[in-house]
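What follows is one structure encoded as structure tokens, with my remarks underneath.
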2 protein chains.
Amino acid sequence: MSRILPHPTREQIELPGVMDCLSDPIRLAIVYNLAKREKEAGELRCGDFYGLSGKSNLAYHFAKLREAGLMETRAVGTARLMKLRREDLDNRFPGLLDAVLASAERDAERLQLPVLEFTEA
Amino acid sequence: MSRILPHPTREQIELPGVMDCLSDPIRLAIVYNLAKREKEAGELRCGDFYGLSGKSNLAYHFAKLREAGLMETRAVGTARLMKLRREDLDNRFPGLLDAVLASAERDAERLQLPVLEFTEA
DNA sequence: TCAATAGTTCAATGGGAATTGAACTAAGGA
DNA sequence: TCCTTAGTTCAATTCCCATTGAACTATTGA
């Protein structure tokens, strides 16, 4: 299962790709929860998101988020640890991520954004 | 042709709908050009955007932008005058539009965002 | 070595989005 | 009144996206 996980460089991250990622409810929920844990562990595993959808569908969305440059994935054992590419995104699109996250937080109920329970690292 | 053009109220504007609008290259180009003219006339007509795509396809994208709450349309004679719903968007999603527009401006070449010639009001 | 766990990949499906051209409607000018 | 211009609506097509389950791969632990 140890495959090369392709990540775009900072400069390769494109605005439309990022916007597209954030327009999907499942992907927004993933980013939202990753951001919520940014100050603590920072990294989360696929299994933490099983509340959102099925395994294979999540793998699909994770790939999209990774390929669009929104998050970084590293393999540790059988697990995948993922975190937001906060610095790259802030550098590339200043203020964008914060604005989206703040709006998402404000609209969390309306958007039915789930706050997931996470396993401890 | 004078039909009721439904606009969402400020409160009805949803984040995913806005993000989805801005992830499409044609719609981003429309918003980008509307913003560029914000300080001057503020309002633009359908015909100003014929450089982007065909008439009927533009009508489709205009409807999406209007229904998502990104712009406002009013009929004047046979023309449709459109402008950004800047205040509503800034109120609902503070900093979002500015962040997107600033990033779009920075990446204008890469995104091939066309700066259109506009007719004078 | 074997079984269990974590996650990926594949193929198939359904549905919705974008695009196009043609037909249509409304308003303005000659 | 008639023609032209501006823009919408409709139907048809194409394509892409999200979702699903099953099969597969890799790693860990017993």
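Quick note: numbers below take in every heavy atom, side chains included, and nothing from hydrogens, waters or symmetry partners. Chain identifiers are assigned alphabetically (A, B, ...) following the order of the sequence lines, protein sequences preceding nucleic acid strands; residue numbering begins at 1 within each chain.
Whole-Å rounding puts the A/Phe62 CZ to C/dA6 P distance at 14 Å. One interatomic measurement links the two molecules: CG of B/Leu5 to P of D/dG7, which rounds to 12 Å at whole-angstrom precision. For the pair B/Leu65 CG and D/dT8 P, the computed distance is 12 Å after rounding to whole Å. Atom-to-atom, CZ of A/Arg45 to P of D/dT27 comes out at 15 Å; the value is rounded to the nearest Å. The nearest whole Å value for the distance from the CZ atom in A/Phe49 to the P atom in C/dT8 is 12 Å. Between the P atom of C/dG7 and the CG atom of A/Leu81 lies a distance of 9 Å, rounded to the nearest Å. The distance between atom CD of A/Glu43 and atom P of C/dG7, rounded to the nearest whole Å, is 13 Å. In this structure, A/Lys55 places its NZ atom 9 Å from P of C/dT8, rounding to the nearest Å.
Regarding contacts with the backbone of D/dT8, a side-chain N or O of B/Arg80 is found under 4.0 angstrom from either OP1 or OP2.
Nearest-nucleotide assignment on DNA chain D puts the 5′-proximal partner with B/Asp48, out of A/Val76 and B/Asp48.
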Under 3.5 Å, which N/O atoms of the protein pair with N/O atoms of nucleotides 18-21 of chain C?
| residue | atom | partner | partner atom | Å |
| --- | --- | --- | --- | --- |
| C/dA18 | OP1 | B/Arg27 | NH1 | 3.0 |
| C/dA18 | OP1 | B/Arg27 | NH2 | 2.9 |
| C/dA18 | OP2 | B/Arg27 | NH1 | 3.4 |
| C/dA18 | OP2 | B/Tyr60 | OH | 2.1 |
| C/dA18 | OP2 | B/Lys64 | NZ | 3.4 |
| C/dT19 | OP2 | B/Asn57 | OD1 | 3.4 |
| C/dT19 | OP2 | B/Asn57 | ND2 | 3.0 |
| C/dT19 | OP2 | B/His61 | NE2 | 2.6 |
| C/dT19 | O5' | B/Asn57 | ND2 | 3.3 |
| C/dG21 | N7 | B/Ser56 | OG | 3.3 |
| C/dG21 | O6 | B/Ser56 | OG | 3.1 |

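We find that B/Arg86 and B/Asp98 are joined by a salt bridge, their nearest charged nitrogen and carboxylate oxygen being less than 4.0 Å apart. Salt-bridge annotation for B/Lys83 and B/Glu38: absent, with no side-chain N of the basic residue lying under 4.0 Å from a carboxylate O of the acidic one.
The structure places OH of B/Tyr60 at 10.0 Å from CD1 of B/Ile26, a figure rounded to the nearest 0.5 Å. With rounding to the nearest 0.5 angstrom, the CG atom of A/Asp107 is 8.5 Å from the CG atom of A/Leu113. Separation of atoms CG (B/Leu22) and OG (B/Ser103) is listed at 11.5 Å; rounding is to 0.5 Å.
Listed nucleotides: C/dG7, C/dT5, C/dT8. Nearest to the side chain of A/Ala59: C/dT8.
Counted within 6.0 Å of CD on A/Glu40, heavy atoms from surrounding residues, nucleotides or ligands total more than 12; the atom is thus considered enclosed.
Between the side chain of A/Asp20 and the main chain of A/Pro16, no donor-acceptor pair closer than 3.5 Å is present.
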